[in-house]
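Below is one structure; the comments refer to it alone.
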Amino acid sequence: MTELSRSFYRGNTVAVARSLIGASFARRYRGAWYLARIVETEAYLGSNDAAAHSRGGRRTARVEPMYADGGHLYVFLVYGMHHCANVVTRRPGMPEAVLIRAGEGPPEAPPALLSGPGRFCAALGITAAATGMDIVDGSDYRLYRRDRRPRIGVSPRIGVDYAAEAKDWPLRFYDRDSRAVSGRPRLRR
DNA sequence: CACATGATCGCCT
DNA sequence: GGCGATCATGTGG
């Protein structure tokens with residue numbers, strides 16, 4: 001397992017979003033590591049992206065982690081009850097990030113357990129306490145490079161209808177062969 | 001299967 | 001004061 005590097009995260013945000021499909025997200029909780037295979041992501045392209053929290057150069061306490069160097073986490077609370085986790089990309093001052101929308105857990109886990117950004121965070125216990133964390137310096141959060149290149153599907157992003165023309169940009173990426181991708185034939189239970 | 005709705009609260013204007 | 005980078009549940013066809 002090769003850990004993803006700082007220079008990787010500093011690269012083109014769309015390229016990072018694509019490359020993270022199939023990558024492993026690891027989280028240490030009370031000494032034990034928990035892993036998930038990422039199967040769905042979305043790219044958020046900074047100041048000029050009407051769907052991004054950093055649109056128009058917004059720079060508030062919440063969004064501040066998006067302005068950090070590539071390789072940090074940006075976690076926020078939506079709808080008062082769900083958390084969404086992002087991996088920050090590019091360089092300091094460039095507020096771009098990749099939203100992790102879904103993952104696969106261990107085979108014995110329910111298929112939909114990590115299907116959706118809120119569920120992904122809930123399953124891995126990711127809360128706002130993790131925002132701003134460095135994922136390259138060996139903290140409790142780490143990402144590992146994928147070992148195989150999956151078949152990748154592309155679509156507009158989910159839940160950003162307010163974002164004018166940016167709502168149609170093809171910035172959502174997913175593993176075409178995964179059942180855990182969100183917004184699919186419901187895999188309840 | 002396709003909507004429709006309620007929950008719930010921090011953030012931003 | 002309004003509204004989300006969501007989800008679970010409920011209705012109707």
Side-chain angles (χ1 to χ4, degrees), chain A residues 9 12-18 20-21 23 25 36 38-68 70 72-90 94-105 109-133 135 141 143 152-175 178-189:
Chain A
Y9 296 114
N12 177 279
T13 302
V14 171
V16 172
R18 294 188 72 107
L20 285 183
I21 302 300
F25 185 103
I38 297 170
V39 298
E40 182 183 353
T41 62
E42 282 178 358
Y44 284 84
L45 306 182
S47 311
N48 298 319
D49 181 355
H53 289 166
S54 52
R55 59 186 173 277
R58 278 172 167 75
R59 189 162 189 168
T60 61
R62 178 180 67 152
V63 200
E64 187 59 27
M66 282 190 76
Y67 288 80
H72 288 77
L73 290 179
Y74 167 48
V75 183
F76 62 92
L77 180 68
V78 262
Y79 300 107
M81 61 189 82
H82 302 294
H83 290 278
C84 291
N86 295 254
V87 170
V88 175
T89 57
R90 297 290 193 172
M94 301 179 70
E96 304 190 17
V98 173
L99 170 69
I100 300 176
R101 284 198 56 90
E104 291 173 347
L113 186 67
L114 304 103
S115 183
R119 288 179 185 161
F120 183 90
C121 285
L124 288 171
I126 302 170
T127 68
T131 200
M133 298 278 265
I135 53 177
Y141 299 87
L143 271 75
I152 293 178
V154 183
S155 86
R157 293 170 292 184
I158 307 288
V160 296
D161 291 345
Y162 58 85
E165 86 277 354
K167 78 178 168 63
D168 298 318
W169 293 353
L171 296 178
R172 171 173 173 258
F173 306 95
Y174 56 93
D175 180 345
S178 174
R179 297 187 310 160
V181 173
S182 68
R184 272 269 180 97
R186 304 254 126 188
L187 307 163
R188 305 266 160 209
R189 283 266 119 215

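A quick note: this is a predicted structure, and the numbers were derived from the prediction, not measured. Residue numbering restarts at 1 for every chain, and letters A, B, ... go by the order of the sequence lines.
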Can you check the A:R157 CZ to C:dT6 P distance for me, whole Å?
12 Å
Taking only residues two or more places apart in sequence, or in another chain, which ones meet A:E96 in a side chain to side chain donor-acceptor pair (under 3.5 Å)?
A:T13
Partner set under ring pair (Phe, Tyr, Trp, His ring centres under 6.0 Å) for A:Y141, not counting sequence neighbours
none
Using the side-chain contact (heavy atoms from CB on, under 4.5 Å) criterion, which residues pair with A:A50? Sequence neighbours excluded.
A:A163, A:A166
Not counting sequence neighbours, which residues clear side chain to side chain donor-acceptor pair (under 3.5 Å) with A:S47? List them please.
none
Only Watson-Crick and G-U wobble pairs with both distances less than 3.5 Å should count. Give DNA chain C in dot-bracket notation, marking inter-strand partners with |.
||||.|||||||.
If I take atom OH in residue A:Y162 and atom C1' in nucleotide C:dT6, what distance separates them, rounded to the nearest angstrom?
12 Å
Taking the P atom in each of C:dC3 and B:dT5, what is the distance between them to the nearest angstrom?
16 Å
When the distance from CG of A:L45 to C1' of C:dA5 is rounded to whole Å, what number comes out?
13 Å
Contacts of A:Y9 that satisfy side chain to side chain donor-acceptor pair (under 3.5 Å) - sequence neighbours left out
none
Mind checking what makes side-chain contact (heavy atoms from CB on, under 4.5 Å) contact with A:D168, not counting sequence neighbours?
none
Could you work out, with ring pair (Phe, Tyr, Trp, His ring centres under 6.0 Å) as the rule, every residue matching A:F25, not counting sequence neighbours?
A:F120
Between the main-chain N or O of A:G116 and the side-chain N or O of A:R119, is there a donor-acceptor pair closer than 3.5 Å?
no
In this structure, how many angstroms lie between the P atom of B:dC3 and the CG atom of A:D161, rounded?
13 Å
Any chance you could list the contact pattern along nucleotides 6-13 of chain B? Use B for base contacts, S for sugar-phosphate-only contacts and - for none, protein heavy atoms under 4.0 Å, 5' to 3'.
-BBBSSSS
Interatomic distance, A:H83 NE2 vs C:dC7 C1' [rounded to whole Å]
14 Å
Distance to the ring centre below 6.0 angstrom and angle to the axis at most 45 degrees; does that hold for A:R157 and A:Y44?
yes
Spacing of A:L171 atom CG relative to C:dA5 atom P, expressed in whole Å:
15 Å
Once you round it to whole Å, what is the distance between C1' of C:dA5 and CE of A:M66?
10 Å
